[in-house]
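Report on one structure; see the data block that follows.
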Number of protein chains: 2
Amino acid sequence: MVAKQNTQQKILDAAQSLFAETGFNDTSLRQITSAAEVNLAAVNYHFGSKKELIQAVLQRYLRVLMARLDQEFSRLLAAQQPNNLTQVLAVFVKPLLELNSVHHNGTRIFLQLLGRGYTDVQGHLRWFINHHYGRVLDKFVLLVQQSCPQLPASELFWRLHFSLGTVVFTMASNEALAEIAQADFSEEVDIEGVIQRLLPYLAAGIAAPVYSRSNPQQQLRSGT
Amino acid sequence: MVAKQNTQQKILDAAQSLFAETGFNDTSLRQITSAAEVNLAAVNYHFGSKKELIQAVLQRYLRVLMARLDQEFSRLLAAQQPNNLTQVLAVFVKPLLELNSVHHNGTRIFLQLLGRGYTDVQGHLRWFINHHYGRVLDKFVLLVQQSCPQLPASELFWRLHFSLGTVVFTMASNEALAEIAQADFSEEVDIEGVIQRLLPYLAAGIAAPVYSRSNPQQQLRSGT
DNA sequence: CCCAAATTTAAACAGGTGTTTGAAATGTAC
DNA sequence: GTACATTTCAAACACCTGTTTAAATTTGGG
C-alpha cells in the first residue's frame with residue numbers, strides 16, 4: 001500500500017539537477033529516468049505527467065521556503081516602526097540558505113529552478129506562485145512599502161519585478177557567471193557570496209530616487 | 001544570381017516575432033514557415049539551418065545597435081572628465097529606440113530576443129556577443145569604471161551582470177508585466193516607458209555602497 | 001505459503017522535430 | 001525560345017518527444 005519512496009526520490013533528485021542545468025522544456029524524461037536509473041514509465045506512474053513532475057520538484061522547496069518566509073514577514077510586520085529596506089531584503093537570506101537542508105545544494109538548485117521557471121515556461125510559474133503563495137508575498141510587498149513610503153505603488157511594482165529579474169537571471173546563469181568570475185578575478189564564488197553581493201544592489205535599486213521630468217538634476221537622456 | 005530578398009525577409013520577420021514570444025527552442029520551423037507563408041524547406045535553403053536563422057535574426061539588430069553604441073561610447077570616452085553613471089547608462093536609450101527603424105517594434109522585439117537568447121540557449125548568445133562585439137562592450141565597462149572609481153573590478157563585474165539580468169528578464173516577461181501594470185494601475189506602458197523606469201534603478205544598483213563585513217552600519221544579515 | 005496489490009519493465013504508440021531529396025517551377029541571360 | 005541557374009515545393013528521412021499498454025516482477029498482509 002505504501003508507495004516505494006526510493007524511486008520517487010531518485011526521480012526528483014535527478015530531475016531537479018537536470019531541470020536547473022538545462023531548463024524544463026529542454027530536459028527529456030529519458031534523460032531524467034536514465035540519470036535516476038529507473039524505468040522511463042516510472043515518471044508517469046509516480047507523478048502522472050512531466051508537468052506534475054515539474055510541480056513536485058518545485059513544491060518540495062516552495063513549501064518549506066514559503067512557510068519560513070511567512071514567519072519572518074509576520075515577525076517584521078509586528079514591529080512598531082517601519083523596518084529599513086535592507087533589513088526587509090535580508091530576511092530572505094536565512095530561509096533561502098535553509099533550503100540546503102532539503103537537499104544538498106538546495107539553495108542553488110532552487111534558485112536556478114526559479115530562474116528557469118520564470119523564463120522557460122512563460123507565465124506558468126508566475127501564476128502558480130501567485131496563486132498558492134500570494135498571501136505570503138503580499139506581506140513582503142507591504143513591508144517594502146512601509147520602508148519606502150515615498151515610492152508610488154506603480155513604481156514599486158516595477159522595481160520589485162526588476163529585482164526579481166536580477167535574482168532570477170543571476171541564478172539561471174549562475175554557473176556561467178561563477179566560471180567567468182573565477183577566471184577573471186580568481187574569485188571563488190558560492191551561492192551565499194552571490195546573495196550577499198545581490199542585496200546592496202537590490203536595496204539601492206528599489207530605493208532609487210524616482211525619475212521625474214520636472215527635475216533636471218536627474219535628467220536621464222544624454223545632453224543635447 | 002541575386003537571391004530573392006522577399007522570402008528571406010518574410011522568414012526573418014515571422015521568425016523574430018515567434019522567437020520573441022515563445023523562445024528559440026520552443027518555436028518550430030513549421031510554425032515559422034507557415035506564419036511566413038513559405039515552404040518548410042526554405043529556411044534550410046536560405047539560411048542553412050535553424051541555428052543560422054537564429055543568428056541572422058539577431059544579427060539584423062546587433063549590427064546596427066553595436067555600431068551606434070560604439071559611436072556613443074567613443075564620444076563619451078573622449079570627454080575630459082569622467083561622465084556620471086546616469087549619463088553613461090542613458091547612452092543606450094537612443095540607439096535602442098532607433099532599432100524601431102530596422103523593423104516595426106524593433107526595440108521591443110530585439111530586447112525580448114536578447115532575453116530569450118541569454119536564458120534559452122544557455123551561454124551561446126553570451127559567447128556570440130562577446131566574441132563579435134567584445135571590443136565595443138569593453139568601452140562601456142571602461143566608462144562605467146571611470147564613473148564609479150570607488151568600485152572594485154570584481155564588484156563591477158557582478159553588478160553589470162545583475163543589470164543585464166534586470167534588463168533581459170524584464171524584456172523577456174515584458175508582455176506579462178505590461179498586462180499586470182495595466183490591470184493594477186491602469187497604466188499604459190510602452191517600451192520607452194519601461195526603459196525610463198529601468199535607468200534610475202540600474203544606476204542606483206550599480207553605484208550602491210559596497211558591502212563590507214567591517215562596516216556594521218550596512219550589515220545585511222538580520223540581527224540575531 | 002499465497003494471493004492480491006503495488007511496482008517495474010520492455011515495447012509500442014502517435015505526434016513532433018530539423019534536415020534532405022529530387023523533381024517541378026520560376027527567373028534570367030543570350 | 002532555348003539553355004542555364006535559382007528558387008520553390010511535396011514528400012520522405014531519421015530521430016526524439018511524452019504517454020500508454022500489458023505482461024513480468026516484487027512486495028507485504030492474512
Side-chain angles (χ1 to χ4, degrees), chain A residues 1-59 113 116-117 119-125 128, chain B residues 1-59 113 116-117 119-125 128:
Chain A
M1 191 70 80
V2 176
K4 188 181 179 187
Q5 290 276 357
N6 216 9
T7 296
Q8 298 196 39
Q9 207 79 15
K10 281 197 286 184
I11 292 175
L12 285 175
D13 290 350
Q16 65 175 3
S17 302
L18 288 168
F19 283 153
E21 283 168 29
T22 331
F24 296 107
N25 287 346
D26 292 348
T27 302
S28 72
L29 293 184
R30 283 168 178 81
Q31 289 177 266
I32 294 171
T33 52
S34 83
E37 295 179 311
V38 302
N39 187 271
L40 167 61
V43 170
N44 293 279
Y45 177 77
H46 286 287
F47 297 93
S49 66
K50 184 180 180 180
K51 198 173 204 164
E52 290 166 284
L53 171 62
I54 294 174
Q55 288 185 2
V57 166
L58 287 170
Q59 277 283 39
L113 290 173
R116 294 295 179 184
T119 52
D120 270 26
V121 269
Q122 245 308 322
H124 286 196
L125 183 59
F128 184 84
Chain B
M1 190 68 80
V2 175
K4 188 180 178 186
Q5 291 278 357
N6 215 10
T7 296
Q8 298 195 39
Q9 207 80 15
K10 281 197 287 185
I11 292 175
L12 286 174
D13 290 350
Q16 65 175 4
S17 303
L18 288 168
F19 283 154
E21 284 168 29
T22 330
F24 296 107
N25 287 346
D26 293 348
T27 301
S28 73
L29 293 184
R30 284 167 179 81
Q31 289 177 266
I32 293 170
T33 51
S34 82
E37 296 179 310
V38 302
N39 188 271
L40 168 62
V43 169
N44 293 281
Y45 177 76
H46 285 288
F47 297 93
S49 67
K50 183 180 181 180
K51 197 173 203 163
E52 289 166 285
L53 171 62
I54 294 175
Q55 287 184 3
V57 166
L58 287 170
Q59 277 283 39
L113 290 173
R116 295 292 179 185
T119 53
D120 270 26
V121 269
Q122 245 308 322
H124 286 197
L125 182 60
F128 184 83

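These numbers were taken from a predicted model, which means no experiment stands behind them. A note on names: the letters A, B, ... follow the listed sequences, proteins ahead of strands, and every chain is numbered from 1.
- The side chain of A:Ala41 approaches C:dA10 more closely than any other nucleotide in the set D:dG18, C:dT20, C:dA10.
- With hydrogens and angles ignored, no donor-acceptor pair under 3.5 angstrom links the side chain of B:Arg30 to the base of C:dG16.
- Taking atom CZ of B:Phe47 as the reference point, atom P of C:dG18 lies 15 Å away to the nearest angstrom.
- When each of B:Tyr45 and A:Leu40 is assigned the nucleotide of DNA chain C bearing its nearest heavy atom, the one mapping closer to the 5' terminus is A:Leu40.
- Of the side-chain N and O atoms in A:Ser28, none sit less than 4.0 angstrom from OP1 or OP2 of D:dC16.
- If you check every strand for non-hydrogen atoms under 4.0 Å, A:Thr33 touches nothing.
- Checking the phosphate oxygens (OP1, OP2) of C:dA6, no side-chain nitrogen or oxygen of A:His46 falls inside 4.0 Å.
- Between A:Ile11 atom CD1 and D:dT19 atom P there is a gap of 13 Å when expressed in whole angstrom units.
- A donor-acceptor distance shorter than 3.5 angstrom exists from the side chain of A:Lys50 to the backbone of A:Phe24, with no hydrogens or angles considered.
- At the phosphate of C:dA10, OP1 or OP2 sits under 4.0 Å from a side-chain N or O atom of A:Asn39.
- With rounding to whole Å, B:Asn44 atom CG is found 15 Å from D:dA11 atom C1'.
- Taking each heavy atom of A:Leu53 and A:Ala15 in turn, the nearest pair found is CD2-CB, 4.1 Å.
- Note on B:Thr7: a side-chain N or O is less than 4.0 Å away from OP1 or OP2 of D:dT8.
- Distance B:Leu29 CG to C:dG15 C1': 17 Å, rounded to the nearest Å.
- Considering all non-hydrogen atoms of both residues, A:Thr27 and A:Leu18 come closest at OG1-O, 3.3 Å.
- Summarising the geometry, the separation between NZ on B:Lys50 and C1' on D:dC16 is reported as 13 Å, rounded to the nearest angstrom.
- Closest heavy-atom contact between B:Ala20 and B:Arg116: O-NE, 3.1 Å.
- Put simply, CG on A:Asn25 is 14 Å from C1' on C:dG16, counting in whole angstrom units.
- A heavy-atom distance below 4.5 Å is found between the side chains of B:Leu29 and B:Asn44.
- Protein atom CG of B:Asp26 is 13 Å distant from nucleotide atom P of D:dT17, rounded to whole Å.
- B:Leu53 places its CG atom 15 Å from the C1' atom of C:dT17, with the value rounded to the nearest Å.
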